[in-house]
A.B. asks: 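Sending over a structure as structure tokens; questions will come in a sec.
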Amino acid sequence: MRKIVIAGNWKMYKTQTEAKAFLVDFLPQLTAQASEFGAAAQIILCAPFTTLPTLLGLAANAPTNLSIGAQNVHWADNGAFTGEIAAPMLVELGIKYVIVGHSERRQYFGETDATVNQRLKAAQKHGMTPILCVGESKQHRAAGETETWIASQLQNGLQDVDLTNLIIAYEPIWAIGTGDTCEAKEANRVIGKIRSQLNDRDLTIQYGGSVKSDNIDEIMAQPEIDGVLVGGASLDPEGFARIVNYRSL
Ligand code: 13P
């Protein structure tokens with residue numbers, strides 16, 4: 001069964017104080033609309049490491065479908081890897097989801113399909129569900145290479161990865177933080193291709209890239225799209241509440 005997963009990626013935004021203020025505002029909106037929304041969707045907030053204990057504490061009193069996630073995980077259980085974070089450190093806190101291979105990690109921090117693959121396997125080994133991000137650049141799209149680029153990201157990134165404990169986010173790089181959302185039908189088409197390549201009927205595949213409260217309903221109406229990964233619009237409690245409480249068209 002494909003699950004609906006609505007996730008926020010806070011990136012490098014929010015101190016502990018700001019994170020707490022967000023949830024104080026956000027949680028009642030979640031509760032108020034939870035019955036209309038139904039219990040089917042999983043909501044995840046992937047937040048900076050320093051905010052995780054605070055958020056986990058507050059989310060413990062929230063409706064059960066809110067989880068807190070991280071934005072990166074190293075492949076080693078521990079070691080001399082300055083600035084990295086190990087899976088046991090996240091698991092001890094109670095983290096169940098982690099983003100792996102976001103395009104910003106690939107672009108600015110030298111993440112490759114090979115390191116993505118190692119991080120995915122480490123997350124799964126420790127019982128977390130990774131959210132693997134894939135997506136093409138503007139140049140790839142202009143050159144007609146969207147499908148082949150994504151196919152190779154999947155092929156290389158997913159070697160020996162368990163598809164039954166995985167979420168994929170299709171995030172075209174040109175749509176991230178630009179306001180230039182991928183047309184819903186086109187996102188649906190690419191996600192359909194990903195699904196047929198991986199040949200797994202139960203895999204949850206999200207769309208990400210300038211998702212906002214005013215385009216969420218159309219995106220979620222697409223048959224191949226099982227949820228969204230939201231950057232900027234997840235920072236505002238009202239806006240994100242409208243996104244998680246999307247209306248079925
Ligand atoms: P925006 O929603 O800000 O475009 O970011 C998308 C994203 O990168 C989520 O991981």
Side-chain angles (χ1 to χ4, degrees), residues 3-72 90 93-99 102-104 128-129 131 133 167 169 171 175-182 184 187 204 206-221 225-249:
K3 282 198 222 95
I4 303 290
V5 180
I6 311 281
N9 172 12
W10 279 359
K11 310 192 179 185
M12 199 175 71
Y13 289 95
K14 294 197 190 291
T15 63
Q16 270 194 83
T17 311
E18 290 163 346
K20 187 173 174 193
F22 175 96
L23 270 200
V24 166
D25 204 340
F26 178 69
L27 287 182
Q29 302 189 58
L30 196 56
T31 319
Q33 304 201 34
S35 54
E36 179 198 338
F37 180 63
Q42 177 66 48
I43 299 159
I44 309 170
L45 268 178
C46 296
F49 298 128
T50 51
T51 65
L52 296 178
T54 304
L55 290 173
L56 282 157
L58 290 166
N61 307 319
T64 50
N65 57 354
L66 174 66
S67 288
I68 306 302
Q71 298 172 16
N72 193 19
L90 297 172
L93 291 180
I95 294 296
K96 298 200 172 66
Y97 296 91
V98 58
I99 296 173
H102 191 279
S103 64
E104 287 149 15
M128 290 188 287
T129 302
I131 303 175
C133 302
I167 296 169
E171 298 209 309
I176 295 176
T178 57
D180 188 12
T181 319
C182 182
T204 293
Q206 303 173 305
Y207 167 75
S210 297
V211 174
K212 303 267 184 285
S213 48
D214 60 8
N215 57 29
I216 183 67
D217 300 341
E218 191 192 358
I219 291 167
M220 289 306 294
I225 301 181
D226 303 324
V228 284
L229 183 54
V230 186
S234 71
L235 295 169
D236 165 56
E238 271 80 41
F240 194 52
R242 174 62 182 84
I243 288 171
V244 303
N245 295 305
Y246 71 90
R247 319 255 147 82
S248 306
L249 293 182

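Throughout, residue positions are numbered sequentially from 1 according to the sequence presented.
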A.B. asks: Which residues pass the side chain to side chain contact (heavy atoms under 4.5 Å, CB included) test with Ser103, not counting sequence neighbours?
C.D. replies: Ile173, Ile176
A.B. asks: Applying side-chain hydrogen bond (donor to acceptor under 3.5 Å, both in side chains), can you list everything that pairs with Glu218, at least two apart in sequence or on another chain?
C.D. replies: none
A.B. asks: Taking all non-hydrogen atoms of both residues into account, name the closest pair between Cys182 and Ala175 and its distance.
C.D. replies: N-CB, 4.0 Å
A.B. asks: Shortest non-hydrogen contact from Val24 to Pro28?
C.D. replies: O-CD, 3.2 Å
A.B. asks: Side chains of Thr181 and Ile219: closer than 4.5 Å at any heavy-atom pair?
C.D. replies: yes
A.B. asks: Using 0.5 Å steps for rounding, measure from the NZ atom of Lys96 to the CD1 atom of Ile68.
C.D. replies: 10.5 Å
A.B. asks: Check the pair Lys212, Val228 against side chain to side chain contact (heavy atoms under 4.5 Å, CB included), reporting the backbone distance first and the verdict last.
C.D. replies: CA-CA 10 Å; Lys212 303 267 184 285; Val228 284; over 6 Å; no
A.B. asks: Between Ile99 and Leu229, does a side chain to side chain contact (heavy atoms under 4.5 Å, CB included) hold up when you go through it step by step?
C.D. replies: CA-CA 10 Å; Ile99 296 173; Leu229 183 54; 4.2 Å; yes
A.B. asks: Does any non-hydrogen side-chain atom of Ile167 lie less than 4.5 Å from one of Tyr97?
C.D. replies: yes
A.B. asks: Looking only at heavy atoms, which two atoms of Ala47 and Leu55 are closest? And how far apart?
C.D. replies: CB-CD1, 3.4 Å
A.B. asks: Hey, mind stepping through Ile95 and Leu56 against side chain to side chain contact (heavy atoms under 4.5 Å, CB included) and telling me if it holds?
C.D. replies: CA-CA 8 Å; Ile95 294 296; Leu56 282 157; 3.9 Å; yes
A.B. asks: Under the side-chain hydrogen bond (donor to acceptor under 3.5 Å, both in side chains) rule, collect the residues that match up with Asp226, sequence neighbours excluded.
C.D. replies: Arg2, Arg195
A.B. asks: Which value, rounded to the nearest 0.5 Å, describes the distance between Leu93 atom CG and Leu52 atom CG?
C.D. replies: 6.5 Å
A.B. asks: Under the side chain to side chain contact (heavy atoms under 4.5 Å, CB included) test, which residues partner Tyr13, sequence neighbours left out?
C.D. replies: Lys11, Leu235
A.B. asks: Test: side chain to side chain donor-acceptor pair (under 3.5 Å). Region: residues 227-239. Which pairs qualify, not counting sequence neighbours?
C.D. replies: Gln29-Glu238
A.B. asks: Report the residues that fulfil side chain to side chain contact (heavy atoms under 4.5 Å, CB included) with Leu58, sequence neighbours left out, ordered by chain and then residue number.
C.D. replies: Lys20, Leu23, Thr54
A.B. asks: Partners of Glu171 by side-chain hydrogen bond (donor to acceptor under 3.5 Å, both in side chains), sequence neighbours excluded?
C.D. replies: His102
A.B. asks: With sequence neighbours excluded, tell me which residues meet salt bridge (charged side-chain N to carboxylate O under 4.0 Å, His left out) with Asp214.
C.D. replies: none
A.B. asks: For Phe22, give me all partners under ring-ring contact (aromatic ring centres under 6.0 Å, His included), at least two apart in sequence or on another chain.
C.D. replies: Trp10, Phe26
A.B. asks: Can you give me the closest heavy-atom contact between Gln42 and Asn65, atom names plus distance?
C.D. replies: NE2-O, 3.1 Å
A.B. asks: Identify, with sequence neighbours excluded, every residue that meets side chain to side chain contact (heavy atoms under 4.5 Å, CB included) alongside Thr178.
C.D. replies: Asp180, Ser210
A.B. asks: Mind checking what makes side-chain hydrogen bond (donor to acceptor under 3.5 Å, both in side chains) contact with Gln71, not counting sequence neighbours?
C.D. replies: none
A.B. asks: Have a look at Met220 and tell me which of Ile243, Asn215, Val211, Ile4 forms a side-chain contact (heavy atoms from CB on, under 4.5 Å) with it.
C.D. replies: Ile4
